[in-house]
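In what follows, a structure is listed as structure tokens, so that the remarks can point back to it.
Chain identifiers are assigned alphabetically (A, B, ...) following the order of the sequence lines, protein sequences preceding nucleic acid strands; residue numbering begins at 1 within each chain. Values below: all heavy atoms of this structure, side chains included; hydrogens, waters and symmetry mates excluded.
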Amino acid sequence: MSQNALMAEQEMEAMTLLFNGMVDTCYKKCIPGHYREGDLTKGEAVCLDRCAAKYIDLSEKIGRQMTEIQNTLAASQMPSQ
Amino acid sequence: MSQNALMAEQEMEAMTLLFNGMVDTCYKKCIPGHYREGDLTKGEAVCLDRCAAKYIDLSEKIGRQMTEIQNTLAASQMPSQ
Amino acid sequence: MSQNALMAEQEMEAMTLLFNGMVDTCYKKCIPGHYREGDLTKGEAVCLDRCAAKYIDLSEKIGRQMTEIQNTLAASQMPSQ
Amino acid sequence: MEKKQMQDFLQLYSKLSIRCFSDCVNDFSTRTITDKESACTTLCVEKFIKMSQRMSQRFAEQHMINQQ
Amino acid sequence: MEKKQMQDFLQLYSKLSIRCFSDCVNDFSTRTITDKESACTTLCVEKFIKMSQRMSQRFAEQHMINQQ
Amino acid sequence: MEKKQMQDFLQLYSKLSIRCFSDCVNDFSTRTITDKESACTTLCVEKFIKMSQRMSQRFAEQHMINQQ
């Protein structure tokens with residue numbers, strides 16, 4: 001596989017993981033476990049929209065923090081190689 | 001892979017997912033988290049049998065509902081293609 | 001793939017599953033869901049070390065029990081083949 | 001249906017079965033699904049799919065913007 | 001053992017370790033497994049495997065019938 | 001980064017997002033992350049990674065010994 005195709009595949013996988021994590025987490029936060037109607041209530045819809053926005057922002061923040069930690073670790077391990 | 005082999009593989013995967021979901025869910029519903037004996041008690045065995053029957057029936061119902069929803073969506077998206 | 005390479009791959013997979021199970025389980029047992037500091041507290045660190053030791057020992061015990069059960073089953077199914 | 005789509009369908013099917021059964025079925029005095037359990041499951045599936053579609057839209061809107 | 005069987009075995013092994021440890025071990029004042037924890041684990045594994053076998057039979061009976 | 005490492009990174013990223021969001025965010029009266037939520041998340045990520053590293057060491061020490 002070419003470098004570009006590999007990166008596209010990883011990007012796709014990252015997006016899928018992020019989306020699935022968001023759906024599962026926001027479902028737990030916003031949808032109560034009893035079902036009185038099949039439509040989303042106004043309250044549920046608003047909660048889901050805010051949850052989605054917050055989840056994506058927080059994930060990006062976490063991604064940046066992880067990259068920083070990784071760079072720090074990589075730098076600290078340099079001398080021993 | 002031939003069309004038939006692919007369908008057989010997907011059927012197998014569907015059965016495995018269904019079985020694993022049933023085992024995990026019915027375990028939570030029927031087996032308390034303390035263990036006084038290794039055998040299934042009469043009550044646990046009866047609960048598991050009923051849970052299995054209900055799980056399979058409900059899954060089939062859900063499968064039909066999902067297929068219907070998918071068909072409705074596919075039909076509604078036709079004009080825009 | 002050679003028999004040796006296959007066994008090495010399975011060993012690797014077994015270790016990964018064991019490690020991930022241990023991390024998830026011990027996190028739940030030892031780390032409360034609020035975060036007042038980024039470092040592990042003394043109490044958390046001690047709990048994690050003991051949890052890791054117990055998890056590995058118990059897993060090995062479970063592995064032996066599963067192997068025994070499997071051997072018993074294999075022996076009991078012999079005549080019918 | 002493509003292979004990837006089929007796998008997504010199966011994953012969703014499995015997830016919905018687990019979730020809606022867990023939320024809607026608690027009575028094991030019979031082996032037959034009650035009308036109440038059946039109705040609850042229909043709504044659960046419907047709501048989950050609507051939720052999923054809404055989340056897809058939000059994800060596409062917000063995540064794509066952030067990426068640029 | 002075949003590759004597929006080996007993977008099933010490893011998955012079950014991982015699941016049993018997580019479940020039985022979670023249910024049976026709650027004391028972290030020592031690093032040694034107590035007799036009580038060990039006994040609980042033995043029963044947990046035994047019960048889960050018996051449960052699994054029973055569910056396999058029910059699944060085969062019921063699901064196969066429904067498919068026909 | 002190798003493919004295997006990249007996948008491990010993505011898995012950890014997904015796990016941390018789910019866990020730290022679940023533990024740190026409970027207010028859906030706005031769509032903006034609060035300072036408190038942000039600070040909680042930073043600590044959550046830091047603690048989880050330190051925990052992971054400690055567990056890696058323990059796992060290597062103990063499991064390798066038991067295998068010999």
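Salt bridge annotation for E:Lys50-E:Glu46: present, with a cationic side-chain nitrogen under 4.0 angstrom from a carboxylate oxygen.
With hydrogens and angles disregarded, a donor-acceptor distance shorter than 3.5 Å links the side chain of E:Ser56 to the backbone of E:Ser52.
Among C:Leu58, C:Thr25, C:Val46, the residue making the largest number of heavy-atom pairs under 4.5 Å with chain E is C:Leu58. Of the listed residues (E:Asp27, E:Val25, E:Asn26, E:Thr30), the greatest number of heavy-atom pairs within a distance under 4.5 Å of chain C belongs to E:Thr30. Across C:Met22, C:Glu13, C:Arg50, the residue that shares the most heavy-atom pairs under 4.5 angstrom with chain E is C:Arg50.
A cation-pi arrangement is not found for C:Lys54 relative to E:Phe21, the charged atom failing to lie both closer than 6.0 Å to the ring centre and inside a 45° cone about the ring normal.
For a residue to count as touching a neighbouring chain, one of its non-hydrogen atoms must lie under 4.5 Å from one of that chain's; by this rule C:Lys61 touches chain E with the side chain only. For C:Leu17, the parts lying near chain E are the backbone and the side chain together; criterion is any non-hydrogen pair under 4.5 Å. Proximity to chain C (any heavy atom under 4.5 Å) is restricted, for E:Ile49, to the side chain, taken from C-beta onward. In this structure, the portion of E:Thr32 lying under 4.5 Å from any heavy atom of chain C is its backbone and not its side chain.
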Evaluate side chain to side chain contact (heavy atoms under 4.5 Å, CB included) for C:Ile56 paired with C:Phe19, printing each intermediate quantity in order.
CA-CA 9 Å; C:Ile56 291 169; C:Phe19 180 72; over 6 Å; no
CA sep, side-chain torsions, deciding dist, call: E:Cys44, E:Cys24, disulfide bond (SG atoms under 2.5 Å apart)
CA-CA 8 Å; E:Cys44 174; E:Cys24 293; 5.0 Å; no
Apply side chain to side chain contact (heavy atoms under 4.5 Å, CB included) to residues C:Glu60 and C:Arg64 and explain how you reach the verdict.
CA-CA 6 Å; C:Glu60 283 169 4; C:Arg64 286 192 299 274; 4.0 Å; yes
